[in-house]
Structure formats: C-alpha cells, structure tokens
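A short write-up of the structure that comes next.
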Amino acid sequence: MSLAACSGDAVELGNGGDDDVQSESPQNLRPARGISIAEIEVNQGTRVAIGQGGDWIAGEDRELALIGSRDTLLRVHFTVDPGWIPREIEARLLLEFADGSSQTVSSTLFVEANSVPDPLDGGFWFQLLTDAGQTQPDTKYRVELWETQDVGAELPEQVWANPVDGPQPIGFEPFALEMKVVYVPIHYLPLDKTPQLDDPTVALLIDNLYEQNPTNLILYDIREPLEYTDLIDDLASVLPLLSQAKVSDGADDNTYYHALLDVGGPTLAGRRGIANIVGPDPGEGASRVAATVFWAGDPSLAAETFTHEVGHNQGLSHVMCPRTEADGLEPDYPHLYGWIGNWGAGVHSLKVAAPDEAFDYMSYCIPSWVSD
C-alpha cells in the first residue's frame with residue numbers, strides 16, 4: 001500500500017424522441033434516401049462500435065464488453081450524399097427482448113450534413129435505461145432511418161438500416177459489478193463546519209462515480225459525522241481516523257470509506273484529496289479509505305476529486321499529462337499526454353469527451369474523463 005496526495009490543479013429518449021412508436025410505417029413515410037449509417041456506437045462511458053454501415057459487429061470482434069443492467073447511450077453516426085437536401089429525418093430503434101416482447105422508440109433530427117461526435121446532438125442518440133428494462137442481456141436492436149417529408153426521392157438509396165438483415169444482440173453481458181461507498185462527513189471543529197450532503201449533492205457524487213466506473217450498482221450510505229478537533233494542515237491526518245471508524249463499524253473490506261471535509265475553500269494547502277493506493281487483497285480493507293475537500297461553493301470539484309481518490313483505493317496510480325506534476329505515475333498508460341484514447345460520454349450527464357482533448361481522470365489535467 002502507498003499514499004497518493006492529490007493537488008487542486010486539476011425512459012429517457014434521445015433528440016426529443018417519442019416512446020412506443022408503432023412498428024408499421026405510415027403510408028406517407030419511406031426509408032430515408034441520400035443518408036447512410038456509418039456506425040452504431042454503444043457508450044457506457046467509452047465508445048464501443050457494434051455496427052459499421054449495415055453490418056453488425058459480433059461481441060468477439062469488439063474492443064470492450066458491454067455491462068448488462070447499466071444505463072447506456074446508443075448513438076447513430078451517419079454521412080449524407082453530396083446532393084443532400086437538408087430536412088428532418090426520423091431514426092427508429094427497435095428493441096427485442098428475451099421474453100419475446102419488443103419496443104420501438106423514435107428520434108427526429110434536422111439533418112444538414114454528416115453527423116459529428118460532439119456534441120451529442122450532432123447525430124441521433126438514444127438513452128437506454130436499466131429501470132425501463134432496456135439493458136438486459138440478450139436484448140437485440142435494429143436502427144432504421146425514415147423520411148418524414150415527401151422530399152429527396154431523387155437521391156440514391158444508401159445504408160438506411162443496421163443490422164441490414166434484421167435485429168442482432170446489443171451484447172449486454174450479465175455481469176454483477178457492485179460498488180459500496182460510505183460517506184463520512186467531518187465536523188471540523190476549528191471552523192465549526194460540516195459538509196451538507198443533501199440529495200442533489202449526493203446524486204452529483206454518485207453519478208460522477210457511476211458514469212466513469214464499470215459498475216451496474218452503487219450502494220452508498222452517509223455515516224454520522226466524525227469530529228476533528230485540531231487544525232488540519234495535512235489531509236493525511238484524517239485517514240487514520242477514517243480507518244479506525246471503518247474497522248469499528250465492521251464494514252466490509254470492499255467498502256470505500258470516504259471522508260468529506262469543509263475547510264472553507266476548494267483546497268487544503270493546495271490539495272483537494274488524498275487516498276491510500278490499495279491492492280486487491282481483502283486483508284487491506286482497513287486501508288481502503290480516502291478524503292476529499294468539500295467546498296460548498298462548487299460541489300462539482302468534490303465530485304471529480306472523489307472519483308479520482310476512489311481510483312487510488314482501487315489500486316490506480318496517477319497518469320502523466322502536460323504541464324502538471326504528480327507522484328507515483330503509472331508507467332504503462334498507453335495514450336499520449338494522458339488522453340482518454342476514445343470517445344467518452346456520460347450516461348446521465350450526456351456530456352461528450354473527445355479522445356484527444358480529455359484526460360484520464362487519474363491525471364491532474366482537465367477536462368477529465370475515464371479512458372478506454
């Protein structure tokens with residue numbers, strides 16, 4: 001185990017669509033012409049291509065596995081013919097489930113040119129929600145592009161459906177990936193401050209962790225505050241207190257105990273957080289603790305730091321990026337400058353991260369996101 005101190009420098013539908021569209025096509029609609037599906041992307045934090053053109057990509061040919069029972073974005077990238085006439089196009093996503101039921105959801109977009117990956121509305125997108133039963137293993141999909149106006153009949157027919165031969169599995173795997181977090185507010189007596197963890201603040205923290213970790217469930221609790229009586233000049237002094245509390249509470253070894261401390265500003269002596277770097281041994285459970293400065297002026301800073309510090313508790317080291325210095329760098333990180341290496345997307349925040357503009361969240365550079 002080592003210690004990492006971290007500085008302060010660093011059913012929803014897409015495109016306003018409608019649910020449960022009738023699967024049969026109205027007589028005045030026809031397959032879109034002059035527009036061609038380039039790629040079907042599934043994104044649970046980082047891009048996984050499941051279709052190219054009209055072809056389905058089987059699971060063994062994909063770069064990453066997809067986690068079942070995890071909220072997901074499905075994106076449709078496309079190109080248009082040189083003679084394209086800007087107009088509204090409807091994308092339909094057919095979902096077929098293992099029990100024989102099906103659902104069709106619809107999304108419309110005014111298409112002027114080729115799709116772009118950023119922003120999200122640069123192409124068609126659909127948000128698949130676990131609570132709506134849309135991310136089950138064995139779920140199949142098919143995407144179709146349809147005209148909404150009597151325009152473009154003279155344009156050539158392109159790849160307007162994927163998979164062209166009919167629905168194929170999205171590829172959700174039946175993984176059970178659970179994380180357990182206990183937030184420990186620190187009552188900092190010298191300033192008489194205790195972080196206020198209301199529902200919106202906790203949702204901000206949990207969503208940031210969920211969006212950037214391969215998990216389908218985060219269980220969390222908020223512990224009674226711990227009192228800290230002395231002036232704090234080093235966040236590391238909080239960790240022994242936290243470790244003692246975890247042992248005293250009888251918490252599971254794989255539970256992350258995380259202290260939140262309000263020192264009246266965004267950093268303490270230039271640091272936003274600190275954590276033990278812990279291996280996978282269950283016997284190291286007492287060391288699986290971390291602390292983050294919680295500044296009420298901008299709780300989003302704590303959310304980003306919290307995810308970074310949990311990464312240390314998972315055994316991750318810092319990632320090098322330009323113009324910053326960090327100790328304990330990961331020597332085998334594969335992407336130049338600490339970039340994330342692939343398109344990322346937040347399954348709840350709906351923000352997009354570019355592969356050569358965003359940096360791995362274990363670096364000190366911003367904007368940060370999870371790498372592939």
Side-chain angles (χ1 to χ4, degrees), residues 1-10 43-47 63-64 67 177 179-181 204-215 218 235-236 239 254 256-260 266-268 270-281 284 287-294 299-347 349 351-372:
M1 181 195 72
S2 59
L3 185 69
C6 302
S7 76
D9 296 327
N43 202 309
Q44 298 186 320
T46 194
R47 168 186 160 272
E63 296 180 1
L64 296 171
I67 301 168
L177 298 169
M179 297 181 70
K180 294 182 286 187
V181 176
L204 181 67
L205 295 167
I206 290 296
D207 266 5
N208 195 279
L209 185 67
Y210 179 87
E211 287 193 323
Q212 299 184 72
N213 273 265
T215 180
I218 297 178
L235 279 176
L239 298 186
N254 64 346
Y256 301 100
Y257 260 48
H258 205 99
L260 296 171
T267 68
L268 177 66
R271 291 179 178 173
R272 287 184 181 167
I274 196 164
N276 295 318
I277 301 178
V278 187
D281 187 347
E284 297 182 274
S287 299
R288 203 164 281 113
V289 297
T292 290
V293 172
F294 180 93
S300 68
L301 297 177
E304 294 176 2
T305 303
F306 163 60
T307 300
H308 177 106
E309 303 304 342
V310 170
H312 285 313
N313 281 174
Q314 293 171 320
L316 299 177
S317 300
H318 285 130
V319 169
M320 182 188 70
C321 67
R323 301 181 301 280
T324 64
E325 294 183 5
D327 55 359
L329 292 175
E330 167 57 53
D332 297 323
Y333 186 77
H335 301 305
L336 187 69
Y337 304 135
W339 284 332
I340 60 174
N342 206 335
W343 284 98
V347 295
S349 65
K351 69 178 182 181
V352 176
D356 56 358
E357 294 179 5
F359 302 89
D360 187 271
Y361 70 75
M362 294 309 300
S363 76
Y364 282 170
C365 289
I366 56 175
S368 67
W369 193 250
V370 60
S371 68
D372 55 1

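None of these values were measured; they are calculated from a predicted model.
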Rounded to the nearest 0.5 Å, how far does [atom2] of [Y] lie from [atom1] of [X]?
{"X": "L209", "Y": "F306", "atom1": "CG", "atom2": "CZ", "value": "4.5 Å"}
{"X": "E63", "Y": "R47", "atom1": "CD", "atom2": "CZ", "value": "6.0 Å"}
{"X": "H318", "Y": "E325", "atom1": "NE2", "atom2": "CD", "value": "12.5 Å"}
{"X": "I218", "Y": "L205", "atom1": "CD1", "atom2": "CG", "value": "10.5 Å"}
{"X": "L260", "Y": "F294", "atom1": "CG", "atom2": "CZ", "value": "7.0 Å"}
{"X": "S287", "Y": "I277", "atom1": "OG", "atom2": "CD1", "value": "12.0 Å"}

Between [X] and [Y], what is the shortest heavy-atom contact and its length?
{"X": "S363", "Y": "C365", "value": "OG-N, 3.2 Å"}
{"X": "L329", "Y": "S317", "value": "C-CB, 4.3 Å"}
{"X": "G344", "Y": "N43", "value": "C-ND2, 3.8 Å"}
{"X": "L301", "Y": "P266", "value": "CD1-CB, 4.0 Å"}
{"X": "V310", "Y": "H258", "value": "CG2-ND1, 4.1 Å"}

Any donor and acceptor pair, going by atom type alone, linking the side chain of [X] with main-chain N or O of [Y] inside 3.5 Å?
{"X": "T307", "Y": "A303", "result": "yes"}
{"X": "W369", "Y": "G45", "result": "yes"}
{"X": "T215", "Y": "L177", "result": "yes"}
{"X": "Y361", "Y": "S371", "result": "no"}
{"X": "N276", "Y": "V278", "result": "no"}

Test side chain to side chain contact (heavy atoms under 4.5 Å, CB included) applied to Y364 and M320, R323, H308, the passing residue: H308

Quick one about [Y] and [X] (side-chain donor to acceptor, distance below 3.5 Å, no hydrogens or angles considered), yes or no?
{"X": "Q314", "Y": "N213", "value": "yes"}
{"X": "E211", "Y": "S349", "value": "yes"}
{"X": "Q212", "Y": "N208", "value": "yes"}

Side chain proximity check, [X] to [Y], heavy atoms < 4.5 angstrom:
{"X": "L239", "Y": "I274", "value": "yes"}
{"X": "F359", "Y": "P322", "value": "yes"}
{"X": "M362", "Y": "E330", "value": "no"}

Counterpart residues, salt bridge (charged side-chain N to carboxylate O under 4.0 Å, His left out), relative to K351 (two or more places apart):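 Not a single residue meets the salt bridge (charged side-chain N to carboxylate O under 4.0 Å, His left out) criterion with K351.
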
H335/Y337 aromatic ring centres below 6.0 Å: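 No, the ring centres sit 6.0 Å or more apart.
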
V293 vs T267, side chain to side chain contact (heavy atoms under 4.5 Å, CB included): CA-CA, chis, key distance, verdict: CA-CA 6 Å; V293 172; T267 68; 5.7 Å; no

